[in-house]
S.K.: 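Can you read through this structure? Questions will come right after.
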Amino acid sequence: AAYIVTFGGRSPEEALANAHLIRYHDYEKVGGVLFSRKWTFHDWNEAEGWTKQIGEAGVYDVEVLAELPADQFAIPEGAIAAGSPQG
C-alpha cells in the first residue's frame, strides 16, 4: 500500500516527493480472516518502486471475537461511490 503524508500543511505535490509504501508479509488465517503478521515500511518513488526499509511493525495475538454475517461488506442499496479528492 503506497501512501503520502500531507499533515502539517504539505501539499499533495510536496508529499509525493516523499512517498512511502507498506509491504505486508507472513499471512495467517484466524477465524476465517487472513491477517498479515509483519509489515515493513519503505521509501517509494515512481521510477524505482519500493526502496530502503525505514521501519517495521508486527501484529500478534489476533483473535476473531464474533462471526460476521456473510453480507457484512455488501454495498448498501442507494449507495453512491465517492470519487478521489483529486478528481
S.K.: Please round to the nearest 0.5 Å and tell me the distance separating atom CD of Glu28 and atom OH of Tyr60.
M.R.: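 Going from the CD atom of Glu28 to the OH atom of Tyr60 covers 11.0 Å.
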S.K.: Identify whether Tyr27 and Val64 are in the same connected component of the hydrophobic contact network (ILVMFWY, side-chain heavy atoms under 4.5 Å).
M.R.: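 Yes, Tyr27 and Val64 fall within the same hydrophobic cluster.
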S.K.: If Ile, Leu, Val, Met, Phe, Trp and Tyr residues are connected whenever their side-chain heavy atoms lie under 4.5 Å apart, and connections chain through other members, are Leu16 and Leu21 in the same group?
M.R.: no
S.K.: Count the heavy atoms belonging to other residues, nucleotides or ligands that lie under 6.0 Å from CG of Leu34, then report whether that count exceeds 12.
M.R.: yes
S.K.: Are any non-hydrogen side-chain atoms of Trp39 and Val59 less than 4.5 angstrom apart?
M.R.: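 Yes; the side chains approach each other to less than 4.5 Å.
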S.K.: Side chains of Thr40 and His25, heavy atoms from C-beta outward: is any pair under 4.5 Å?
M.R.: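 A side-chain contact exists here, since the closest heavy-atom pair is under 4.5 Å.
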S.K.: So, for Pro12 and Ile4, which heavy atoms are closest and what is the spacing to 0.1 Å?
M.R.: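 In terms of heavy atoms, the two residues are closest at O-CD1, 4.1 Å.
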S.K.: Linking I/L/V/M/F/W/Y whenever any side-chain heavy atoms sit under 4.5 Å apart, do Ile22 and Val62 land together?
M.R.: yes
S.K.: If you define the side chain from C-beta out and look only at heavy atoms, does anything of Ile54 sit under 4.5 Å from Asp43?
M.R.: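 Touching, per the 4.5 Å side-chain cut-off.
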S.K.: Applying side chain to side chain contact (heavy atoms under 4.5 Å, CB included) between His20 and each of Trp44, Phe41, Tyr3, report the one that passes.
M.R.: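 Among Trp44, Phe41, Tyr3, the one that satisfies the side chain to side chain contact (heavy atoms under 4.5 Å, CB included) with His20 is Tyr3.
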S.K.: Decide whether Thr51 and His42 meet the rule of one side-chain donor and one side-chain acceptor closer than 3.5 Å.
M.R.: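 No, because no side-chain N or O of Thr51 sits under 3.5 Å from a partner of the opposite role on His42.
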S.K.: Is Glu14 reaching over with its side chain to a backbone N or O of Ser11, donor-acceptor style, under 3.5 angstrom?
M.R.: yes
S.K.: At their closest point, which heavy atom of Asn45 faces which heavy atom of Glu48, and how far apart are they?
M.R.: OD1-N, 2.6 Å
S.K.: Would you find more than 12 non-hydrogen atoms of other residues, nucleotides or ligands less than 6.0 Å from Phe7 atom CZ?
M.R.: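 Count not over threshold, so no.
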